[in-house]
Amino acid sequence: MNEKIALFLEGFATETFQRELIQWFEREQRELPWRKETDPYKIWVSEVMLQQTKVDTVIPYFQQFMEQFPTLEALADADEEKVLKAWEGLGYYSRVRNLHAAVKEVKERYGGKVPDRAEEFSKLKGVGPYTTGAVLSIAYGIPEPAVDGNVMRVLSRIFLIWEDIAKSKTRTLFEAIVRAIIDHDHPSYFNQALMELGALICVPRKPACLLCPVRSHCRSFREGVQEQLPVKTKKTKGKEMDIVAAVVVDEKGRVLIHKRDSDGLLANLWEFPNCRVASENRKHQLESFFLDMYGVSVTLRFPFAALQHVFSHLVWNIVAYYGKIVGDVVETDRLKLVSEEELGQYAFPVSHQRIWEQYQKREI
DNA sequence: TACTCGTGGCC
DNA sequence: TGGCCAAGAGT
């Protein structure tokens, strides 16, 4: 690996690159809530929220989250229901369940101080190579690489690297390059500057090369192939699933909701009872599902909504029915009857928020 | 390694 | 309009 890296670095003016990159960052960086913070816990939370998520989406969640859980201990001591509720709508919900578990471990094992050693911090749940480098460099000034999609795009262009960034192994190549060129005096700004450059200038399509502070170092710009990089193979679009859901109410107007399994898609979020079906006899299949899975007799009436929800890897085609409960319901930890006002306390995926929005438009 | 795991915005 | 994209990690 070292020989390969040495080949990339041949003729590369590392110190000039560092200086020009960091000076640009000091001039042009965006003001973001977490950039005012030095608390490693807050830096950590921001990095987890930012995984696969746009800055503009994260900002209001970050601010609300910090009001509700201002310290590591506050988060560690919080109920998971409230933590999930604070994450509602952000997606990738295992991030916050892992963060919650990790913060508890930091409280117990490390006395509430976020570890500043990569070997320790990276063992925590939900903390991978990127988050390790980001938190250690930004919060503690430690020169660890923080290679995200921005960094791979920027460096693939600068060093004219044609490796497929969709392959998981490719990231290690970029980590080795960052280790070789990171500014040991300013690792936080160096890492952030690479990402900020990718977010503002060296964007995926039509990069603004004429505004780029390091274009004199950029080999793909010199060759005129910057828009062909990075190489990223396409992923196949996900499968479609037909889902039937129902908003069923009892004689008091309470709504039946179900808590999803603790593993897999949308883990531990609440939903309106639903099942996957074949296209025929949807109503009957769902009525049988209520009886078999929950022991609840229901009478379904007619559909009030049909909606499609597209995930990154699959598609739900949902038809939602009105329904009434016949007889009794045995409530459990994962099956509850709640009033319409109480629904707001439970975290729902966006697809089921849509179902509820449609339901509330009813005129019957 | 390749697949799973959300959501909103963009052109 | 639909495919692509976004400060990835777990398995």
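In the text below, chain A, chain B and the rest are named by the order of the sequence lines, each starting its count at 1.
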> Given the rule in the side chain to side chain donor-acceptor pair (under 3.5 Å) test, do A:T132 and A:E144 qualify, once you have shown the distances and angles that lead to the verdict?
Replying inline: CA-CA 8 Å; A:T132 300; A:E144 282 286 319; over 6 Å; no

Between [atom2] of [N] and [atom1] of [X], the distance in whole Å:
| X | N | atom1 | atom2 | answer |
| --- | --- | --- | --- | --- |
| A:F311 | B:dG8 | CZ | P | 11 Å |
| A:W87 | B:dC5 | CH2 | P | 18 Å |
| A:M49 | B:dG6 | CE | P | 16 Å |
| A:R171 | B:dT1 | CZ | P | 10 Å |
| A:R97 | C:dG8 | CZ | P | 20 Å |
| A:Q353 | B:dG6 | CD | P | 14 Å |
| A:M241 | B:dG6 | CE | P | 13 Å |
| A:D263 | C:dA9 | CG | P | 20 Å |

With a 4.0 Å cutoff (strictly under), does any side-chain N or O of [X] reach OP1 or OP2 of [N]?
| X | N | value |
| --- | --- | --- |
| A:H313 | B:dG6 | no |
| A:K232 | C:dA6 | yes |
| A:Y93 | B:dT7 | yes |
| A:R153 | C:dA6 | yes |

> Of the candidate nucleotides C:dA6, B:dT7, B:dG6, which contains the atom at the shortest distance from the side chain of A:K54?
Replying inline: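 So the nucleotide nearest the side chain must be C:dA6.
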
>> Among C:dG10, C:dG8, B:dC5, which nucleotide has an atom closest to any side-chain atom of A:N98?
In response: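 Given the options C:dG10, C:dG8, B:dC5, the side chain of A:N98 is closest to C:dG10.
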
>> Looking only at the side chains, is there a donor atom on one of A:S188 and A:Q192 sitting less than 3.5 Å from an acceptor on the other?
In response: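 The answer is yes; a qualifying pair exists.
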
> Distance from A:Q353 atom CD to A:L343 atom CG, nearest 0.5 Å?
Replying inline: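 Interatomic distance, A:Q353 CD to A:L343 CG, rounded to 0.5 Å: 11.0 Å.
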
>> Closest-nucleotide mapping onto DNA chain C: is A:L50 or A:R205 further toward the 5' terminus? I mean the 5' end.
In response: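 Result: A:R205.
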
Give [X] one of three labels, base, sugar-phosphate or nothing, depending on what nucleic acid heavy atoms sit under 4.0 Å from its own.
| X | result |
| --- | --- |
| A:S168 | base |
| A:G89 | sugar-phosphate |
| A:I43 | nothing |
| A:R260 | nothing |
| A:V310 | base |
| A:L266 | sugar-phosphate |
| A:W316 | nothing |
| A:R354 | sugar-phosphate |

Check the orientation of [X] and [Y]. Use parallel for under 30°, tilted for 30 to 60°, and perpendicular for over 60°.
| X | Y | result |
| --- | --- | --- |
| A:H309 | A:F311 | perpendicular |
| A:Y322 | A:F304 | tilted |
| A:F272 | A:H352 | parallel |

> Taking the six-membered ring for Trp, are A:F69 and A:F65 ring centroids under 6.0 Å apart?
Replying inline: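 Centroid separation for A:F69 and A:F65: below 6.0 Å.
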
>> Go nucleotide by nucleotide along DNA chain B from the 5' end; which of A:K167 and A:L269 gets its closest nucleotide reached first?
In response: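 Whichever sits nearer the 5' end wins; that is A:K167.
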
> How do A:T170 and A:L90 order along DNA chain B: which one's closest nucleotide is nearer the 5' end?
Replying inline: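 Going by which nucleotide is closer to the 5' end, it is A:T170.
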
Is [X] side chain donor-acceptor paired with the [N] base, going by distance under 3.5 Å alone?
| X | N | result |
| --- | --- | --- |
| A:T131 | C:dG8 | no |
| A:T53 | B:dG6 | yes |
| A:Y130 | C:dG8 | no |

>> Rounding to an integer number of angstrom, what distance separates C:dA9 and B:dG8 when you compare their P atoms?
In response: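 22 Å, rounded to whole Å.
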
>> Taking the P atom in each of B:dC3 and C:dC4, what is the distance between them to the nearest angstrom?
In response: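 Pairwise P distance, B:dC3 against C:dC4, rounds to 15 Å.
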
